[in-house]
Protein chains: 2
Amino acid sequence: MTPRSPTIRMVAERAGVSLATVSNVLNGKPSVSPDYAARVMEAVEALGYVPDLAASRLRSGKAALAGVVVPDLGNPMFARFVSVLEHVAREDGFDLVVVSSRNDPAEEADRLANIRAWRPSGVIVLPCDGALAARLPAGWTAPIVVADRIPDDGRFDLVAVDNGPAAAQVTRHLAGAGCRTCLVVATSLAISNMRERWEGAQVGAGAMELALAEVGDDPASGVARLSGRLSGTGRPDALFALEQMTSLALYPLLGSLGLVVPADIAYASFDEMEWMRLVTPPLTAARQPVEAMAQAAWTRLRARMAGDAGPPATIRLACTVTLRGSTPPAASPGPALTPSGSGRHRP
Amino acid sequence: MTPRSPTIRMVAERAGVSLATVSNVLNGKPSVSPDYAARVMEAVEALGYVPDLAASRLRSGKAALAGVVVPDLGNPMFARFVSVLEHVAREDGFDLVVVSSRNDPAEEADRLANIRAWRPSGVIVLPCDGALAARLPAGWTAPIVVADRIPDDGRFDLVAVDNGPAAAQVTRHLAGAGCRTCLVVATSLAISNMRERWEGAQVGAGAMELALAEVGDDPASGVARLSGRLSGTGRPDALFALEQMTSLALYPLLGSLGLVVPADIAYASFDEMEWMRLVTPPLTAARQPVEAMAQAAWTRLRARMAGDAGPPATIRLACTVTLRGSTPPAASPGPALTPSGSGRHRP
DNA sequence: TCCATGTCGTAAAACGTTTCATTTCAGGCT
DNA sequence: AGCCTGAAATGAAACGTTTTACGACATGGA
C-alpha cells in the first residue's frame, strides 16, 4: 500500500554490489575502486536514495543531531537565538530538534526526556528556572550547554550576558541625569537574569531611590496593575523595564495615562528590539548580543561533543547600552556613553 | 568509556521479565498482568530508562516526528508560526525538526533531503518560491502541507491568507481617503504572496495611480534606493509596504526625509506587528492570522498522516485590516470599515 | 614455485526496538 | 480423563544501517 523509501539494499542490488560497498562509498571510505563508486552513485541518483539517519545512528552510535530547549519560541529574542543556532549548527551538518518549555518547569522536564529519546549528541538549554539539574532524567549522558539564564548548579557550561553591569550602566545614567526615583519593572525575580539585572540596577542607582514591581509571566496583562503607582503624586520620575515584552506592554500604558516621555517620566529598557528605535522618542536600551550568544553556545557544545572533558566554563558577553531620547541627557558630560546614535524620528 | 543509555534489555533483566513484556507494558498493550506491569515500571524508574525513538521508529515504521521548513526563522512572522506549530504538534505528541531555507531554493532542496533522512511522518513547508514540486527528492513519500506561500503545482494541500482581498481593502481605503498616487513597496514579486498582494492592490486602487518598487530580499538595505522617488516633486502621496520587514525599514526613512505621516504622505502596511501600534501615528495595517494558519496547517497534516487520501485542499484565511492614524480618514463615511478599534474584516 | 603482502569486496553480526508466532498454563467443557 | 479455549508470557525475526572479520585475487620477492 504505502511505498516505502528505497533502502541501501535496493541500491546495492541495482548497482550489483554488496551492502557494505554502498555504505563504504556513501561514507567516503578509502578502499573502493572508482568504477564501483560510479555504479553506486548512479544507483543512488536513480532511486533517489537518502540514508535513514535513525538506522545509521542506531548502528554507529553517532548522530549529527542536537536539541534546543527554549522558554518561549514566540519571544523574538529566543526566536533569534534559535534562528542563529539553526544556521551555525547546519553549517556543521547538524540537525536541530526544537522544543519550547513555555516557562513551565514540568514541561521543561517533559521536553528534556522527549529530546533524550532521540539520543542527540548534545543539547542547548535556556532553562526556565535555576533548578535545571534537578529535572534532568536519571541516566543523562549527552553534553549540555546552558545559555541565557543562570542555573543554580555550577556543573554546566554557561553562556550568558553581563546582566548586572549593563543594568548598572542604565541606572547610573538615569541617576546622573537627575532622576530621583525609579521604578524597575520585571516579569519575576525568580528568573535569574531578572535578579542579576535588579541587583545591577541597585549598584548603579547611587542616590536614586529604586522600587521594584513584578508583573508576572504575562506582562501584557500584568502591567495593568501598575497604573496606580504611575499616576499618583508619588509617581517615579524614571521607569526601567528589565525585559522586552514588559517594555512593550508598559510603553503604551504611559501614553494612556497622559504621561509624556521624557518630560514627565524617563524611560529605559533592557533587551533592545527594533521598534524601540522607531517610537517617539526612541528608547534608551541595553542590547543583548543574542547572535553572539547563540554562536558561542554552539561552539562550546561542539567542543563538548568532540570530547572536551575540561571543567565547566562560563562565558559572559557584554551588552551595549545606547542612550536615546527617552532619557534626559546626562547633566554633566560624564564618562561618555554612546551619545545617541541614529534614528531620532520626530522629537 | 562513555556509559550508554539504559536499554530495554537492561530493564527486562532488572524486572526479571522478557524484552517483549517490557515493550508491551510501555506501549500499553492489553494482555499484561498488573503485577508484571508494576515490576517493569519499577525497573524503568530505577534505571531512568527512556525508549530510543529511532530504534522504535525503525522497527515499527511509525514516528511521532514532523518536519518544518521556513524561509527565515529570524522573521518574527515565521517565528510565531513555528512557535504555534510546535505547541499544537506537541499536544499530539509530535516532535519537530525545524530548518530554515534562508530564502534560497538550493538550500531548501538540501534541507528537504535532510529532513527526509529522518523519515518524518509529515512535513510542513513554507516554500521560498513556487517551484517546490521540482525540488522534492525523488522517492518522497511523506505527506506535505504547504503554508503561507502558494506553489505553482496544485497537488499540495495549502493553507494561506487572502492576500489579494486584504491588499485591495487597503488601497480602496487610501483611494477613498483622497490619495491620488501610491507607491507599493515589496521585497520581490517572485514571491507569490507579494504577487497576490500587488494584484489585489491594483484591484482596490480604482482611480488612484499605483507604482511598484521591489527592494529585494534584504529590505534593510534595499529601501535606501527609494529616497529619490520619495523626495522629488513627483512623490506619491501614499505608501503601502507589502511586508513587515519592508515596513520596518521604510518607516524611519520617511522621518529622515522630513516627511510627516499622514500629512505629507499616508502610510499603510501589510503584516501587522506590535510596534505598528506603538509608533506615532500608529500604522494602518493588515494583520495576518499567523496563529490560525499554523493551527490549520497542522490539522490538515494530521489528517493526511492519519491516512486521509482526498484531493488536495486549499484553505484561505481572512486578514484583518485596521485603520489607524497613519492614513487619513475616509472622505465620505462610505461602506464603514472598522474606524480604528478592533478588527472587522469585511468580505 | 611458493609464501608474504597488499588491495578490493563481501558475509554476517551487531545496534535497540516491535511484532509475529509460539509456548505455557489454568480452567471449563463434554 | 480428554479436549478445546483464552490469557499471559516469551523467543526470535525483522527494521536499515555500519563495522568487523574474513575471502579472493593479484603482485612481487625469495
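Chain letters run A, B, ... following the sequence lines, proteins first and then strands; every chain starts at 1. When reading the values below, keep in mind they use all heavy atoms of this one structure, side chains included, and skip hydrogens, waters and symmetry mates.
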Inset, instruction - Evaluate whether atom CE of B/Met10 has more than 12 neighbouring non-hydrogen atoms of other residues, nucleotides or ligands under 6.0 angstrom away. - result: yes
Shorter than 3.5 Å, N or O on both sides, protein versus nucleotides 25-27 of chain D: list them out with atom names.
none

Inset, instruction - Considering just the side-chain nitrogens and oxygens of B/Ser18, establish if one lies under 4.0 Å of OP1 or OP2 belonging to D/dT10. - result: yes
Inset, instruction - Give a yes/no answer on whether the side chain of B/Ser33 brings an N or O atom under 4.0 Å of OP1 or OP2 in D/dA8. - result: no
Inset, instruction - With B/Val97 as reference, evaluate A/Val98, A/Leu96, A/Val97 under the side chain to side chain contact (heavy atoms under 4.5 Å, CB included) test and give the passing residue. - result: A/Val97
Inset, instruction - Using a strict cut-off of less than 4.0 Å between a Lys/Arg side-chain nitrogen and an Asp/Glu carboxylate oxygen, indicate whether B/Asp308 and B/Arg300 qualify as a salt bridge. - result: yes
Legend entry - Distance in Å, A/Asp104 CG paired with A/Asp110 CG, rounded so as to fall on 0.5 Å steps: 9.5 Å
Legend entry - Closest to side chain of B/Ile8, choosing from C/dT17, D/dA9, D/dT10: C/dT17
Inset, instruction - Grab the CZ-P distance between B/Arg116 and D/dG16 for me, whole Å please. - result: 13 Å
Inset, instruction - Could you check how far CH2 of A/Trp118 sits from P of C/dG16, rounded to whole Å? - result: 16 Å
Inset, instruction - Specify the separation, in whole Å, of atom CZ of B/Arg9 and atom P of C/dA14. - result: 11 Å
Inset, instruction - Would you please confirm or rule out a distance under 4.0 Å between OP1 or OP2 of C/dG16 and any side-chain N or O of B/Ser56? - result: no
Legend entry - Spatial distance of atom OG (A/Ser60) from atom CG (A/Leu53) [nearest 0.5 Å]: 9.5 Å
Inset, instruction - Can you sort out the partners of B/Ser23 under side-chain hydrogen bond (donor to acceptor under 3.5 Å, both in side chains), two or more places apart, ordered by chain and number? - result: B/Asn27
Legend entry - Contacts of A/Arg316 that satisfy side-chain hydrogen bond (donor to acceptor under 3.5 Å, both in side chains) - sequence neighbours left out: A/Glu196
Legend entry - A/Leu26 CG - D/dT17 P separation (whole Å): 9 Å
Legend entry - Nearest-Å distance for atom pair CE/C1', residues A/Met10 and D/dG16: 10 Å
Legend entry - Between CG on residue B/Leu136 and CG on residue B/Leu112, distance to nearest 0.5 Å: 6.0 Å
Are there any protein N/O atoms within less than 3.5 Å of an N/O atom in nucleotides 19-23 of chain C, and if so, which ones and at what distance?
residue: C/dT19; atom: OP2; partner: B/Lys29; partner atom: NZ; Å: 3.3

Inset, instruction - Enumerate the residues from residues 46-55 of chain A whose closest heavy atom to DNA chain D is under 4.0 Å, giving them by residue number; use none for an empty result. - result: A/Tyr49, A/Pro51, A/Asp52, A/Ala55
Legend entry - Partners passing ring pair (Phe, Tyr, Trp, His ring centres under 6.0 Å) against A/Phe156 (at least two apart in sequence or in another chain): none
Inset, instruction - Of all the heavy-atom pairs spanning B/Arg57 and B/Ala63, show the shortest one and how long it is. - result: CG-CB, 3.0 Å
Legend entry - Atom-pair distance (CG on A/Leu58; C1' on D/dT18), nearest Å: 10 Å
Legend entry - Check ion pair B/Asp52-B/Arg59 (N to O, under 4.0 angstrom): no
